[in-house]
Amino acid sequence: MPMPWFLLSLALGRSPVVLSLERLEGLQDAARCSPGLSCHLWDGDVVCLPGSIVSAPGPVLVPTSLQTELVRRCYQETDCDLCVRVAVHLAVHGHWEKPEDEEKLGRAADPEPEEPRNASLQAQVVLSFQAYPTARCVLLEVQVPAALVQPGQSVGSVVFDCFEAALGTEVQIWSYTQPRYQKELNLTRQLPALPWLSVTADGDNVHLVLDVSEEQSFGLSLYWNQTGPQTIPLNQTDIVPCLCIQAWPLEPDSVRTSICPFTEDPRAHRNLWRAARLQLLPPRGWRLDAPCSLHAQATLCWQAPGRGPCQPLVPPLPRENVTVNMALEFPLLKGHPNLCVQVSSWEKMQLQLQECLWADSLGPLKDDMLLVEARGPQDNRSFCALEPSGCTPLLSRASTRAARLGEQLLQDLHSGQCLQLWDDDLGALWACPMDKYIHQRWVLVWLACLLFAAALFLLFLLKKDHVKAAATGRAALLLYSADDAGFERLVGALASALCQVPLRVAVDLWSRRELSAQGPLAWFHAQRRRTVQEGGLVVLIFSPGAVALCHEWLQDAGPAPGAHGPHDAFAASLSCVLPDFLQGRAPGRYVGAYFDGLLHADAVPALFRAVPVFSLPSQLPAFLGSLQGPRGPRPGRLGERAEQVARALQPALDSCLRTPGTAGMGRGMGPEAGDRT
């Protein structure tokens, strides 16, 4: 398998190691101390004056040992310096002296403790740091509570962050108190002369960040901690010219073998160019990121709309060798979407990389004309326009667009209509818009043609959708309770009228043979599934009998077996319809309807009012609009269809209302039914 790049390590000394350091944020020094102690860091550095050793008047705090640790002080995400953290360990030194009269008379001291002997101790600890060419002194105030004051005992430590130093330097640290009660502590350390490495993961990519000074050279080694002969395959896409390999036995003072076999490998150079990336650094900066140095040149160029080549501009970016992984900035006054960067190889002089860096922020390429101004002695100025054939003088007799519009472009330049991109003593660059010089007449003709074609296409789509809707129509499943023969005729009239809308109507009246073969429940399941899958609606037609069945299901969990006819699909369907309403799945799948004069609106059970419930034929337009959905006909056409359905329903509805007992039964199904006629 190919060697993963996260196995890279630094080869240091006798064995490879990776130095990982703690990261500190910010520029401010800081101090902290052990639990129980209090400490304070004086602002700014102090003068290093140790002074002479004096006698301690009693117990005092003195430094007993020094410890150092390397950390990183970071000012930005990747801008860090090496820093030395110093820990000073403190202890109580000395005893309380007995009064002279007690020593002469041999009497015991007062049994009551004196206030000085129980007081807390305070000390000023000086840290002196020297690492060529840096020298610093800081002052730390430390206070120890009386409970921790025990002569000869350690009380804790105080930590200072931190003294900056360079890799490979020798640092010397002294510590003493003011006043000084003993000889100052001294510690000398040699900092490692090595870079340190951090690993970050970005998705599938693993990045190795090597933090070294600009003057320091370093090497990276790939190693396997294995024994015996090994064959290590390398991924071809990871091979670049600066990839070197080092091998050595894991033994003391072993000789290392190093090779850099890919320096002249064409595949490695191709991989390097593939890995190189041009990045935008707002407002007008750029950077070329690459794993190795590139023997290449960078130029600024002007990319006109179309697929033509990007034309190099000698000013303001001269051809020069590219420094990878370093931010560069163009001396431009303004940015422009047509300004791009070319990075090409010195050897073959062919374009390798090109990016129009500001295209994302400034928009697409513009049809602007770039004018190059050249300035000579005695304020002589000349102008040419950059075109695919070269830089055309504006006041020439050439047959190019810039020559024909030369005078107009100069007028635009002098009137301030052009944008100045660059300016110095030798010349300037101007971007002049060309929009107003496009032939407006032809633009209007083409626009009219496009609008006409779009209108024809839209009309064709509307006609196609209309024909398709007329041919198929939306699906509608009608469910009702067969109260009597007159009500069945009324439902049949409604179903026939809806087929003329057109809708694809399913009703048990027209499926007696299927009902007998499958049974009402299986038939309803099949019809409901098909209707819902096709985006249709299930229409619940409420009548006194249907309302009574609903109350039976809601109160007694279902009617008695055999209480209804073998073809009553409504009674069979309630076992599936009610769960949809109880579980909130009904909206968008069901609508309700009842006939004027046969049932009052308040008679519809409250559970079923979660969906729209329409009164027929008084609310036929809204009912038809709900059935046909958002792609239904316009309001005028919908009103005409509602009138047709109403005329088809009225004879059957009048017949039901004249039938003895039918109208009376409908009036008795609501609280306000007595007011209906």
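Note that these values count all heavy atoms, side chains included, but never hydrogens, waters or copies made by symmetry.
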Of all the heavy-atom pairs spanning Leu478 and Ala495, show the shortest one and how long it is. CD1-CB, 3.8 Å
Arg73 side chain to Cys80 backbone, donor-acceptor under 3.5 Å: no
How close do Pro520 and Leu515 get, counting heavy atoms only, and between which atoms? CA-CD2, 3.6 Å
Please list, chain by chain and in numerical order, all residues satisfying salt bridge (Lys or Arg N to Asp or Glu O under 4.0 Å) with Glu534, sequence neighbours excluded. Arg504
Are we looking at SG atoms under 2.5 Å apart for Cys310 and Cys340? no
Are any non-hydrogen side-chain atoms of Leu540 and Phe581 less than 4.5 angstrom apart? yes
So does Asp412 get a backbone contact from the side chain of Ser415, meaning a donor-acceptor N/O pair under 3.5 Å? yes
Got a donor-acceptor contact below 3.5 angstrom from the Asp508 side chain to the Ser511 backbone? no
Between Tyr594 and Phe614, is the ring centroid distance below 6.0 Å? no
Backbone of Pro651 reached by a side-chain donor or acceptor of Ser655 within 3.5 Å: no
Can you tell me how the ring of Trp302 sits relative to the ring of His336, calling it parallel under 30°, perpendicular over 60° and tilted otherwise? tilted
Tell me, please, which residues at least two apart from Asp289 pass salt bridge (Lys or Arg N to Asp or Glu O under 4.0 Å). Arg287
Keeping the roles fixed (side chain from Thr531, backbone from Gln527), state whether a donor-acceptor pair exists under 3.5 Å. yes
Do Asn338 and Leu370 have side chains that get closer than 4.5 Å, going by heavy atoms? no
Should His525 and Arg530 count as side-chain neighbours, where that means a heavy-atom distance under 4.5 Å? no
Quick one: list whatever passes salt bridge (Lys or Arg N to Asp or Glu O under 4.0 Å) with Asp580, sequence neighbours left out. Arg528, Arg585
Can you list everything that forms a salt bridge (Lys or Arg N to Asp or Glu O under 4.0 Å) with Glu488? Sequence neighbours excluded, please. Arg512
Yes or no on side chain to side chain contact (heavy atoms under 4.5 Å, CB included) for Val341 and Cys301, after CA distance, side-chain angles and deciding distance? CA-CA 6 Å; Val341 174; Cys301 64; over 6 Å; no
Identify, with sequence neighbours excluded, every residue that meets side-chain hydrogen bond (donor to acceptor under 3.5 Å, both in side chains) alongside Asn271. Arg274
State yes or no: are the ring centers of Tyr590 and Phe608 separated by less than 6.0 Å? no
Rounded distance [0.5 Å steps], CD in Gln420 versus CG in Leu371: 11.5 Å
Residues which pass side-chain contact (heavy atoms from CB on, under 4.5 Å) with Pro617, listed by chain and number, not counting sequence neighbours: Asp596, Leu620, Ala646, Gln650, Leu653
Should Phe570 and Ser543 count as side-chain neighbours, where that means a heavy-atom distance under 4.5 Å? no
Quick check: do Asp368 and Met434 have side-chain heavy atoms less than 4.5 Å from each other? no
Is there a donor-acceptor pair closer than 3.5 Å between any side-chain N or O of Arg474 and the backbone N or O of Leu627? yes
Ion pair Arg32/Asp161, N-O distance below 4.0 Å: yes
